Each structure stands twice: as C-alpha cells, then as structure tokens.
Amino acid sequence: MKKVLLTYILISAVGFLAMAQNAIGILGDLRFDSSSEKELWDAGQENPYLLFRAVQAEKSLSDEKWIDLVAELDKKFDKKGSHINVLRQVFQKSHKQLFKTYEQHSTFNDMLDEGRFDCVSASAALAMLLDRYGFDYKVVETDYHVFIVVNHEGKDLILESTLPIGGMITTPSEVASYLAGYKADDLAELKSLNQRLGAPKVDLSDNAIFRKVNLTQLAGLQYYNDAISHFNEQSFEKAASQLNKALKLYNSERIEGLKDLAEEQATLIANSN
C-alpha cells in the first residue's frame with residue numbers, strides 16, 4: 001500500500017509540474033530555463049528522481065516507462081527480497097526497458113523519453129532502484145566515468161551501466177581488475193575540465209578522481225555534463241548558469257574550475273563587443 005501511495009504522489013507531482021512551461025525562474029543566484037525546471041529543482045531536494053528530471057525540463061515529462069519498470073521490479077522484490085537475482089533483474093530490466101542506445105551526454109529525460117543514456121543518467125536510475133530495494137551500494141565518480149559498486153553478502157560487485165552484456169561483474173578477480181583500472185594517483189591532475197563523464201575508461205594513464213558520490217552530487221554531475229555541451233559550443237554564459245546549479249548540488253573542484261573558466265570567457269566576449 002505504501003509503494004502504491006508513493007507512486008500516486010509521484011505521478012500527481014510530475015503531472016502538476018508538466019503544466020508549467022517556458023518561463024524563467026530565479027532562486028538567489030540560480031537562473032532556471034523554465035518554471036518546470038525550478039519546480040523540479042525545488043521538489044528534487046527531497047526526491048532525487050525529480051532532481052534528475054530538472055535538466056532540460058522542457059522535454060516531455062511522461063514517467064510511464066519508469067513507473068512500469070518499478071512496478072515489475074516491485075513484484076520481484078516482494079518474492080525474493082534483496083537477493084542476488086533481484087539485483088540481476090534490476091540491471092537487466094533497466095537495460096531492456098530504459099537503456100536502449102548509449103550516447104554521451106544523454107540526460108535522464110533523454111533516457112526516459114527516447115532510451116538514450118550515458119553513465120550518469122543510467123547510474124542514477126540504477127542507484128535509485130538499489131535504494132528502493134535496500135541494497136548496499138556506492139556510486140563512484142572517476143575522471144570521466146561513473147559506475148556502481150554493490151556490496152552483497154560481503155562481496156563487491158560492479159554494475160557497469162554502459163555494458164548491457166557483461167556489465168554486471170561478479171567474479172572477484174574481475175572486480176579487482178576493474179577497480180584497479182580507475183584507482184586515483186594522489187599526484188595525478190585532472191587533464192581536462194570540459195570533457196564529459198561518459199564512456200568507460202580507455203586511457204590507461206594516471207587517474208585524478210576516484211570518490212563516492214551521493215544522488216544529489218550525481219545530479220550535480222548531470223548539470224556539469226550539460227554545461228560542458230554549452231561550453232564546447234562557446235555558449236559560456238549558459239554554461240556558467242548550469243555550472244552554478246551543479247556547484248549548489250556538488251561542491252566539486254572540477255565544477256568550480258570550469259565555472260570560473262566559463263565566467264572568464266563570457267566576460268571576455270562581453271568586453272570585446
């Protein structure tokens with residue numbers, strides 16, 4: 001009954017938010033593209049699902065795919081509890097119903113609407129489901145990638161969201177090898193501020209970042225990814241606005257560094273006109 005009530009509240013909340021479009025909201029030094037984004041941002045402080053929906057909130061706000069997935073997984077959980085088979089179902093059903101096409105810098109809304117996902121949006125979905133079903137997990141941020149480590153019955157497992165086949169890594173030696181590939185070197189520096197978090201590691205050089213992030217911080221990284229798109233298109237004022245919101249969610253050195261750089265570039269352009 002509790003889950004049914006929560007689902008009803010979610011549907012009602014998003015239905016209300018979908019009515020507000022195409023206005024500009026300002027909260028302190030935060031600038032929102034629409035009243036929908038502001039409403040989702042505000043509600044998302046208590047409900048991470050809505051916070052992930054805030055980026056590019058002008059898109060369709062249908063939650064049908066998410067609600068259907070949760071309903072199906074609830075049945076599995078009611079029968080098995082926090083069993084390894086339920087964990088496997090979370091991973092496999094998410095790929096089947098949500099994660100259709102990998103595309104770097106795909107928002108949570110892109111994933112729900114069109115099936116386009118990246119490591120941030122997909123890891124967000126998996127993490128919220130793991131929360132719902134009581135699994136012990138952590139989301140790990142690295143230089144350019146995000147993945148999930150689940151501790152199940154005293155053993156670490158990897159959920160690599162960008163790999164539908166072989167992305168749930170359970171063999172201890174393979175888990176250890178995977179983690180070793182991302183471990184940070186204390187002396188290493190982040191090589192680029194304007195490279196999105198996206199694909200699994202292909203550069204075997206030293207890593208600068210390997211840290212646990214919570215769902216709010218992960219939402220900040222989604223804003224960071226969105227800001228990078230604007231930065232690389234030389235829309236520096238828009239990038240700075242997105243990075244301001246990212247920094248409110250996650251006080252990260254790379255977010256702050258890119259925000260300073262975007263503001264500097266925006267000032268230079270303004271002064272040259």
Side-chain angles (χ1 to χ4, degrees), residues 1-11 47-49 52-53 62-102 106 108 110-142 145-182 199-201 210 212-215 218-219:
M1 177 61 72
K2 184 181 293 185
K3 290 179 180 176
V4 172
L5 179 59
L6 288 173
T7 300
Y8 173 78
I9 292 171
L10 172 61
I11 295 170
N47 184 344
Y49 175 85
F52 283 105
R53 300 235 49 181
S62 171
D63 295 277
E64 183 178 354
K65 291 180 181 177
W66 180 258
I67 291 169
D68 288 348
L69 174 61
V70 168
E72 186 172 351
L73 290 172
D74 280 354
K75 293 177 182 178
K76 304 288 184 183
F77 177 76
D78 289 342
K79 291 180 180 179
K80 294 277 189 176
S82 299
H83 190 274
I84 186 66
N85 288 341
V86 173
L87 180 61
R88 197 175 301 278
Q89 287 291 312
V90 167
F91 187 78
Q92 292 176 348
K93 296 293 185 183
S94 294
H95 272 279
K96 182 177 180 181
Q97 299 184 34
L98 297 182
F99 312 158
K100 301 292 187 179
T101 305
Y102 173 80
S106 298
F108 197 82
D110 289 330
M111 180 188 67
L112 291 184
D113 291 343
E114 304 169 27
R116 293 186 287 116
F117 73 97
D118 65 8
C119 69
V120 174
S121 54
S123 292
L126 290 173
M128 286 187 282
L129 293 170
L130 295 175
D131 255 354
R132 184 178 184 88
Y133 303 122
F135 287 98
D136 180 14
Y137 75 95
K138 60 184 176 182
V139 180
V140 179
E141 171 199 7
T142 70
H145 189 49
V146 172
F147 60 88
I148 293 177
V149 180
V150 182
N151 185 275
H152 186 72
E153 297 181 348
K155 296 181 180 180
D156 283 341
L157 315 173
I158 303 294
L159 297 186
E160 171 50 75
S161 64
T162 64
L163 296 176
I165 306 298
M168 181 171 170
I169 304 171
T170 60
T171 305
S173 60
E174 293 179 359
V175 170
S177 177
Y178 181 96
L179 293 175
Y182 286 101
K201 182 181 175 71
F210 186 98
K212 177 182 177 181
V213 292
N214 60 34
L215 282 170
L218 187 60

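Owing to the predicted nature of the structure, the values given are computational and were not obtained by experimental measurement.
- When every heavy atom of Val70 is checked against every heavy atom of Leu129, the shortest pair comes out as CG2-CD2, 4.0 Å.
- Of the inter-residue distances, the one linking Phe99 atom CZ with Thr162 atom OG1 reads 10.5 Å to the nearest 0.5 angstrom.
- Counting only heavy atoms from C-beta outward, the side chains of Ile158 and Val149 approach each other to under 4.5 Å.
- Using a 4.5 Å cut-off on side-chain heavy atoms (C-beta onward), Val175 and Lys155 make no contact.
- Taking every heavy atom of both residues into account, Phe91 and Gly167 meet most closely at CZ-C, 3.5 Å.
- Ser177 places no side-chain N or O within 3.5 Å of a backbone atom of Ser173 that could act as its donor or acceptor partner.
- Distance check, rounded to the nearest 0.5 Å: NZ of Lys76 to CG of Leu87 gives 14.0 Å.
- Counting all heavy atoms, side chain and backbone alike, Phe117 lies closest to Ala122 at CD1-CB, 3.7 Å.
- The shortest distance between side-chain heavy atoms of Arg53 and Trp66 does not fall below 4.5 Å.
- Scanning both residues, His145 and Phe147, for their nearest heavy atoms gives CD2-CD2, 4.0 Å.
- With contacts defined as side-chain heavy-atom distances shorter than 4.5 Å, the pair Leu69/Ser94 qualifies.
- For Lys65, the NZ atom sits in a packed shell: over 12 heavy atoms of surrounding residues, nucleotides or ligands are nearer than 6.0 Å.
- At a threshold of 4.5 Å between non-hydrogen side-chain atoms, the residues Phe108 and Val120 do not count as touching.
- Nearest heavy atoms, Ser161 versus Leu126: CB-CD1, 3.9 Å.
- Of the possible donor and acceptor atoms, none in the side chain of His152 sits under 3.5 Å from a partner among the backbone N and O of Tyr137.
- You'll find the ring centres of Phe210 and Tyr182 outside the 6.0 Å limit.
- Looking only at distances, a side-chain donor or acceptor of Asp118 sits under 3.5 Å from a matching main-chain atom of Ser121.
- The nearest pair of heavy atoms linking Glu72 to Gln97 is OE1-NE2, 2.6 Å.
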